[in-house]
Structure formats: structure tokens, C-alpha cells
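Written out below as C-alpha cells is the structure these notes cover.
Note that this is a predicted model, so its numbers are computed, not measured. To find a chain, count down the sequence lines: A is the first, B the second, and so on, and within it residues start at 1.
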Amino acid sequence: DSGVTQTPKHLITATGQRVTLRCSPRSGDLSVYWYQQSLDQGLQFLIQYYNGEERAKGNILERFSAQQFPDLHSELNLSSLELGDSALYFCASSVEGKNEQFFGPGTRLTVL
Amino acid sequence: GQQVMQIPQYQHVQEGEDFTTYCNSSTTLSNIQWYKQRPGGHPVFLIQLVKSGEVKKQKRLTFQFGEAKKNSSLHITATQTTDVGTYFCAETKGRDDKIIFGKGTRLHILP
């Protein structure tokens with residue numbers, strides 16, 4: 001158990017819909033990262049937040065957005081969903097100044 | 001854009017054989033991290049290398065950072081079934097801590 005929690009574990013929805021994925025980082029970690037992992041694909045970095053502020057942006061689509069709240073939990077919003085958005089979405093957190101990331105169990109999104 | 005290339009993409013080895021995965025970059029790497037993801041699981045941090053020529057060991061795992069800091073390797077001696085999974089290398093770069101993952105090497109152990 002990494003200490004990072006993600007909900008829900010599984011999500012099945014239809015094309016065109018909007019979903020919200022939630023992540024709670026390890027206690028004390030200020031940085032939260034979001035990744036997308038498709039079948040047979042590596043980890044695609046989407047976005048990073050640090051203490052409520054966006055810090056780095058990766059290959060995140062305009063249909064996707066994220067935020068980090070004052071209690072440091074983060075949400076990833078995916079809208080106008082397409083079949084190709086079906087993937088595992090991981091959240092990770094880290095301590096300031098350290099590159100080691102602790103990953104949550106992931107949310108498996110299936111778009112039908 | 002910047003990327004780290006991992007080879008091979010897949011590797012099947014007999015249990016007890018050695019295994020090596022390589023991570024290469026066309027540019028100098030600031031650092032390299034290695035992660036392991038078991039089937040159905042999430043990535044777990046293994047180690048970070050920072051210095052040129054650095055070598056670190058964890059039991060049967062040996063991690064190396066090239067002298068020019070453009071490549072890294074992970075070597076597993078005498079593989080066991082518990083070593084099954086995908087091994088990723090990653091670089092964290094820049095003031096904004098942007099992280100770039102390789103596509104990973106999937107290791108399958110034949111009993």
C-alpha cells in the first residue's frame with residue numbers, strides 16, 4: 001500500500017459523457033501527478049500540481065482538466081469521452097525535492 | 001521532443017536466467033529512476049541514479065548509469081517468478097519536475 005488512494009477503482013461510461021477521477025496523496029506530499037496508461041502503452045504524463053497550483057503539463061488533451069484542492073486531494077475531469085480514452089489512470093504523489101513517486105492503485109476507465 | 005527509449009519491449013527468459021533492460025537517451029539525462037509494475041498493479045519506485053557511472057545494487061538487481069549519462073541499465077541475476085512485470089525507466093527534468101517515462105520492458109518468466 002503506497003498511501004495514495006484513488007476512487008473509483010473502475011468506471012464504465014458512454015462516449016460523450018464526463019467523469020471525475022479522485023486522488024488523495026500520501027500524508028504530507030504536496031505534489032500530485034496524473035498519468036494515463038493505455039493497453040500495451042507506457043505511462044503518459046498528463047499534469048502535475050504542487051500545493052494547489054499547476055506546475056507541469058504533459059500530453060493532456062483540452063477535454064481533460066485537473067485541479068488540486070486546499071486539502072491537497074486532486075481531481076481529474078475527463079469530458080466528451082471517446083472510445084480511445086479507455087485506459088488506466090494513475091495518480092502519484094511525491095515529497096518536495098524528491099523524484100521518487102508513490103503511485104495509487106489506479107482507476108480503470110472503460111468508454112463504451 | 002525529449003524521450004527515453006527502452007529496449008527490449010518484451011523479454012521472455014527461463015527461470016534462473018539473467019535479464020537486462022536498457023534505457024537510452026539522445027541527450028544527457030539529469031537523473032534516472034527505475035520503476036516496476038506487476039501485472040494488474042501500479043508502478044513501484046525501485047531506485048534513482050544521479051551520478052555519472054553510478055552503480056547500485058538491490059539484492060539480485062543491479063542498476064547502472066552510463067559514464068556519459070545517456071543510458072542506464074537494470075540487470076536481474078537468476079530471475080525468479082516474482083520478477084515478472086514491466087520495468088520502466090524515467091527521467092525527472094527541469095525546475096518543474098517534468099517526468100518522462102520510457103515505454104517499459106515487459107518481463108515474462110518461463111517456469
Side-chain angles (χ1 to χ4, degrees), chain A residues 1-7 9-10 21 23-26 29-51 53-60 66 68 87-109, chain B residues 1-11 21-25 29-51 54 56 58 63 65 69 72 85-108:
Chain A
D1 182 8
S2 66
V4 178
T5 60
Q6 286 188 250
T7 56
K9 197 169 182 179
H10 301 278
L21 313 184
C23 167
S24 291
R26 290 188 326 155
D29 286 358
L30 300 180
S31 282
V32 169
Y33 307 78
W34 284 98
Y35 295 89
Q36 180 192 57
Q37 186 174 45
S38 303
L39 197 63
D40 286 338
Q41 291 291 316
L43 288 156
Q44 295 293 318
F45 168 67
L46 295 178
I47 198 163
Q48 179 203 357
Y49 277 81
Y50 175 78
N51 203 20
E53 299 289 325
E54 181 184 306
R55 181 174 251 189
K57 224 168 185 176
N59 302 321
I60 188 166
Q68 187 179 25
L88 257 175
Y89 291 84
F90 285 107
C91 164
S93 72
S94 70
V95 175
E96 170 68 3
K98 291 207 165 187
N99 293 331
E100 177 180 357
Q101 295 193 11
F102 296 86
F103 282 76
T107 293
R108 182 171 293 281
L109 173 67
Chain B
Q2 68 180 110
Q3 55 182 336
V4 287
M5 308 296 293
Q6 263 189 272
I7 52 170
Q9 192 175 358
Y10 301 96
Q11 182 86 59
T21 173
Y22 301 90
C23 185
N24 300 309
S25 172
L29 298 162
S30 302
N31 50 64
I32 200 86
Q33 296 98 49
W34 285 94
Y35 287 80
K36 176 185 177 181
Q37 184 177 17
R38 292 180 187 272
H42 58 271
V44 174
F45 175 82
L46 295 176
I47 210 156
Q48 173 170 263
L49 304 171
V50 177
K51 298 176 187 173
E54 191 169 10
K56 288 188 177 180
Q58 289 179 351
F63 304 84
F65 205 2
K69 298 181 73 173
S72 180
T86 302
Y87 293 85
F88 293 98
C89 64
E91 180 196 16
T92 303
K93 194 160 190 171
R95 193 172 154 272
D96 56 7
D97 295 334
K98 195 167 181 179
I99 183 164
I100 305 293
F101 275 85
K103 289 195 180 297
T105 296
R106 185 176 294 180
L107 173 63
H108 183 70

Nearest 0.5 angstrom please: [X] [atom1] to [Y] [atom2], how far?
X      : Y     : atom1 : atom2 : value
B:I99  : A:S94 : CD1   : OG    : 8.5 Å
B:F101 : A:Y35 : CZ    : OH    : 4.5 Å
A:Q37  : B:T86 : CD    : OG1   : 7.5 Å

**OP:** Decide side chain to side chain contact (heavy atoms under 4.5 Å, CB included) for B:Q33 and A:Q101; before the verdict, give the C-alpha distance in whole Å, the side-chain angles of both, and the deciding distance to 0.1 Å.
**Re:** CA-CA 10 Å; B:Q33 296 98 49; A:Q101 295 193 11; over 6 Å; no
Subject >> Closest non-hydrogen atom pair between B:H42 and A:P105, with its separation >> reply: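 Closest pair (atom of B:H42, atom of A:P105, distance): ND1-CA, 4.1 Å.
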Subject >> Heavy-atom neighbours of A:R108 CZ exceed 12 at 6.0 Å >> reply: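 Open: at most 12 neighbouring heavy atoms sit under 6.0 Å from CZ of A:R108.
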Original post:
Which answer fits B:Q37, side chain, backbone, both or neither, if we ask what part of it has an atom under 4.5 Å from a heavy atom of chain A?
Top reply: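 The side chain, not the backbone.
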Original post:
With a 4.5 angstrom heavy-atom cut-off, which part of A:Y50 approaches chain B: side chain, backbone, both or neither?
Top reply: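 For A:Y50, no heavy atom lies under 4.5 Å from chain B.
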Original post:
Under the side chain to side chain contact (heavy atoms under 4.5 Å, CB included) criterion, do B:F45 and A:K98 qualify, and how do the steps go?
Top reply: CA-CA 12 Å; B:F45 175 82; A:K98 291 207 165 187; over 6 Å; no
**OP:** Applying side chain to side chain contact (heavy atoms under 4.5 Å, CB included) between A:N99 and each of B:V50, B:N31, B:I32, report the one that passes.
**Re:**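 By the side chain to side chain contact (heavy atoms under 4.5 Å, CB included) criterion, A:N99 pairs with just one of B:V50, B:N31, B:I32: B:N31.
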